[in-house]
Amino acid sequence: MISGFFWIALFLAMVLLPTWLLLVAPTPSGRPFWLEFSLALGFFGMTQIAIQFVLIARFKSLTAPYGIDVILQLHRRLALVALAVILLHPLIIMIDNPSRLKLLNPLSGNWASRFALFSVFCLLVLGITSLFREKLKLNYEYWRFSHLVFAVLAIVSAQLHVSLAGLYTNIWWKQAIWVVATTAMVGLVLYLRLIKPAWQRSRQSWQVSEVRPERGDTWTLILEADGHAGMEFLPGQFAWLKLGGAFTLKEHPFSFSSSAGSRKRLEFGIKALGDFTSTIKDVQPGTPAHLDGPHGAFCIDRYPAVGYVFIAGGIGITPMLSFLRSMAERNDPRPVVLLYADRNWEDLAFREELEQLKEQLDLKLVYVLQEPPDDWQGEQGMITPEVLERNLPKELIHRNFFVCGPEPMMNAVHDTLLERGVSKACIHLERFNLV
Ligand SMILES: Cc1cc2nc3c(=O)[nH]c(=O)nc-3n(C[C@H](O)[C@H](O)[C@H](O)COP(=O)(O)OP(=O)(O)OC[C@H]3O[C@@H](n4cnc5c(N)ncnc54)[C@H](O)[C@@H]3O)c2cc1C
């Protein structure tokens, strides 16, 4: 909680301080209010853009209090606010003095305005390709790579614009603040894309030891630590996985499905749903692997409770499996209800192991099948409020709820739980579609 407040305070300081420092004398005087106002917006927007580099750098101390999905949501929203603020900056300048419209023409403008134009162009590309990535059918890896390139180009060109325009940076230390901030943000990208992977390759590499087929087009990928102490994680967390080279663009997040007690041998349950996940079945033992993790706040250990309700749809079962395997290993006596929805009985991944876990845990298992077999006696269809009503424990307070599955299911379950009086703080969601 304290670190949550710390990051909010730091965020406000980072947003406001650089703009406030511009007011320290010497400042230009006698210029129209709207010109000054638009400059303040420009600097404010640029600071916000710089903050986006920090948000996506996956600093665990920053992401842990909120969860990485919340941080990415924040990134998305703040970046749009920053873009809007930055667009207002030239707009106000042009309305204030229409003769400045000529600066929009790169041929008739000066270098300061050309860098500004290029920076805005990069920001627009970033905004459009992010908002409409799926509609534009952009491959995720190439989108992510281009996102980094355009973000670096945007901030470097914005910095060149600020330096060349020379307004409010006419004294060495004001100039230095912006140059240092921009260099630090570019440095963060280099750290994330080059330095961190190089460190992972030399100190924290893994090897695929087995790929085990499961039901429902799902494979368990098993990694063994390659000469190091392994990775300490909490049940329910996830890691970004790279197979092959540490510098590959293909990096995908997967929840640990193994028990948190096993640090040197990690398991991931992966469903073949797209171009990367469909290749898992062909991965050969011995293939080098690299992990960036652990990440995420979807963990039972963070939310102690008298009992738990886990609600999984499809491959959303993987973090629940880690919960249950960890609880079984720890001889945890607390009661658990698991509602597990999928298409049919044959494709219900890990069901044999779940049945076995019932013998070790105080576990009630409820399967909800969309296409049940003819003799099916259990729940069928979707996880509706009625299904929840029939299967949730009568006493809901002091329980914590963990939900992971398709987006519509998660939203519906979340709303139903709130309607039934469960506190928002006791409902934890893991969204597999981060981007
Ligand atoms: C926190 C978290 C935990 C997850 N845990 C599991 C798990 O345990 N088992 C499992 O099978 N799946 C899990 N996923 C989903 C898994 O990451 C995606 O299914 C996988 O990345 C899709 O890649 P693809 O190339 O096969 O599919 P594609 O068809 O290329 O992508 C489908 C969609 O998945 C998303 N996606 C693709 N690549 C990435 C990426 N590199 N990073 C983030 N999102 C991406 C995009 O929204 C994309 O539109 C998890 C996702 C998250 C965010």
Distance-only donor-acceptor hits, side chain of residues 202-209, under 3.5 Å, sequence neighbours excluded:
residue : atom : partner : partner atom : Å
Ser202  : OG   : Ala198  : O            : 3.3
Ser202  : OG   : Trp199  : O            : 3.2
Trp206  : NE1  : Gln204  : O            : 3.3

For Phe247, I'd like to know if atom CZ has over 12 heavy atoms of other residues, nucleotides or ligands within 6.0 Å. yes
Side-chain touch Leu188/Ile56, heavy atoms, less than 4.5 angstrom: no
Parallel, tilted or perpendicular: which one describes the rings of Trp143 and Tyr140, with boundaries at 30° and 60°? tilted
Do NZ/NE/NH1/NH2 and the carboxylate oxygens of Glu141 and Lys250 come within less than 4.0 Å? no
Using a 3.5 Å distance criterion without hydrogens, assess whether the side chain of Arg334 forms a donor-acceptor pair with backbone atoms of Ala305. yes
Is the His295 ring parallel, tilted or perpendicular to the Phe238 ring (thresholds 30°, 60°)? tilted
Taking Met410's backbone N and O only, do any of them form a donor-acceptor pair with Arg431's side chain (distance below 3.5 Å, no angle check)? no
How far does CG of Leu123 sit from CD1 of Ile49, to the nearest 0.5 angstrom? 4.5 Å
Under the side chain to side chain contact (heavy atoms under 4.5 Å, CB included) rule, collect the residues that match up with Arg212, sequence neighbours excluded. Glu210, Glu214, Thr220, Ile222, Glu267, Arg325
Candidate pair Leu39 and His89, rule side chain to side chain contact (heavy atoms under 4.5 Å, CB included), full reasoning: CA-CA 6 Å; Leu39 289 176; His89 163 58; 3.8 Å; yes
Counting only N and O atoms by type, is there a donor-acceptor contact under 3.5 Å from the side chain of Gln237 to the main-chain atoms of Leu234? yes
Return yes if some donor-acceptor pair links the side-chain N/O of Arg399 with the main-chain N/O of Gly307 below 3.5 Å, else return no. no
What's the separation between atom NE2 in His290 and atom CG in Leu223, rounded to the nearest 0.5 Å? 10.5 Å
Please examine the side chains of Met94 and Leu104, heavy atoms only from C-beta on, and report whether any two atoms are closer than 4.5 Å. yes
Can you pull the salt bridge (Lys or Arg N to Asp or Glu O under 4.0 Å) pairs that have at least one residue in residues 412-425, sequence neighbours excluded? Glu389-Arg420
What I'd like to find out is whether the side chain of Val403 reaches to under 4.5 Å of the side chain of Met409, using heavy atoms alone. yes
Examine distances only and state if a side-chain atom of Tyr367 and a backbone atom of Asp342 form a donor-acceptor pair shorter than 3.5 Å. no
Specify whether Phe233 and Phe256 have parallel, tilted or perpendicular ring planes, treating 30° as the upper limit for parallel and 60° as the lower limit for perpendicular. parallel
Looking at Ser259, Ser258, Ser262, which hits side chain to side chain donor-acceptor pair (under 3.5 Å) with Glu329? Ser259
Nearest-0.5 Å distance, CG of residue Asp347 to OG1 of residue Thr218: 8.0 Å
Is a side-chain donor or acceptor of Gln200 paired with a backbone partner of Leu291 at a separation under 3.5 angstrom? yes
Got a second to check how far Ile71's CD1 is from Leu55's CG, nearest 0.5 Å? 6.0 Å
pair Leu91-Leu87: side-chain heavy atoms closer than 4.5 Å: no
Test item: Leu354 and Leu321 side chains (from C-beta on) under 4.5 Å apart, heavy atoms: yes
Could you tell me if the side chain of Leu388 sits less than 4.5 Å from the side chain of Leu339, heavy atoms only? yes
Please check if the side chain of Thr287 supplies one atom and the backbone of Gln284 the other of a donor-acceptor pair under 3.5 Å. yes
The reported gap from CG in Leu74 to CD1 in Ile68 (rounded to nearest 0.5 angstrom) is 12.5 Å
On a heavy-atom basis, the closest approach of Ala260 and Ser326 is N-OG, 3.0 Å
Any non-hydrogen side-chain atom of Phe323 less than 4.5 Å from a side-chain atom of Asp301? no
If you count the non-hydrogen atoms of other residues, nucleotides and ligands that lie under 6.0 Å from CE in Met382, is the total more than 12? no
Quick one, Leu249 with Arg144, criterion side chain to side chain contact (heavy atoms under 4.5 Å, CB included). Give me CA distance, side-chain angles, the key distance, then yes/no. CA-CA 8 Å; Leu249 283 179; Arg144 210 170 92 175; over 6 Å; no
Test: Lys264 and Glu224 ion pair at under 4.0 Å: no
Check the angle between the aromatic planes of Phe254 and Phe268 and answer parallel, tilted or perpendicular using the 30° and 60° thresholds. perpendicular
Whether Phe115 and Trp111 hold their rings parallel, tilted or perpendicular, with breakpoints at 30° and 60°: tilted
Would you say the side-chain atoms of Ser278 pair up with the backbone N or O of Asp275, donor to acceptor, closer than 3.5 Å? no
Nearest 0.5 Å please: distance from the OH atom of Tyr308 over to the CG atom of Leu324. 11.5 Å
Within a strict 4.5 Å, meaning less than it, do heavy atoms of the Met14 and Val54 side chains meet? yes
Could you tell me whether Lys196 and Glu251 make a salt bridge, using a distance below 4.0 angstrom between a side-chain N and a carboxylate O? no
Main-chain N/O of Gly274 paired to Thr277 side chain as donor or acceptor, under 3.5 Å: yes
Please step through side chain to side chain contact (heavy atoms under 4.5 Å, CB included) for the pair Phe310 and Leu363, ending with a clear verdict. CA-CA 10 Å; Phe310 303 149; Leu363 172 64; 5.9 Å; no
Taking atom CZ of Arg263 as the centre, report whether more than 12 heavy atoms of other residues, nucleotides or ligands fall under 6.0 Å from it. yes
Under a 3.5 Å distance rule, please check whether Gln356 uses its side chain to pair with a backbone N or O of Glu352 as donor and acceptor. no
Would Leu357 and Leu365 count as a side chain to side chain contact (heavy atoms under 4.5 Å, CB included) here? Give the steps. CA-CA 10 Å; Leu357 283 163; Leu365 274 176; over 6 Å; no
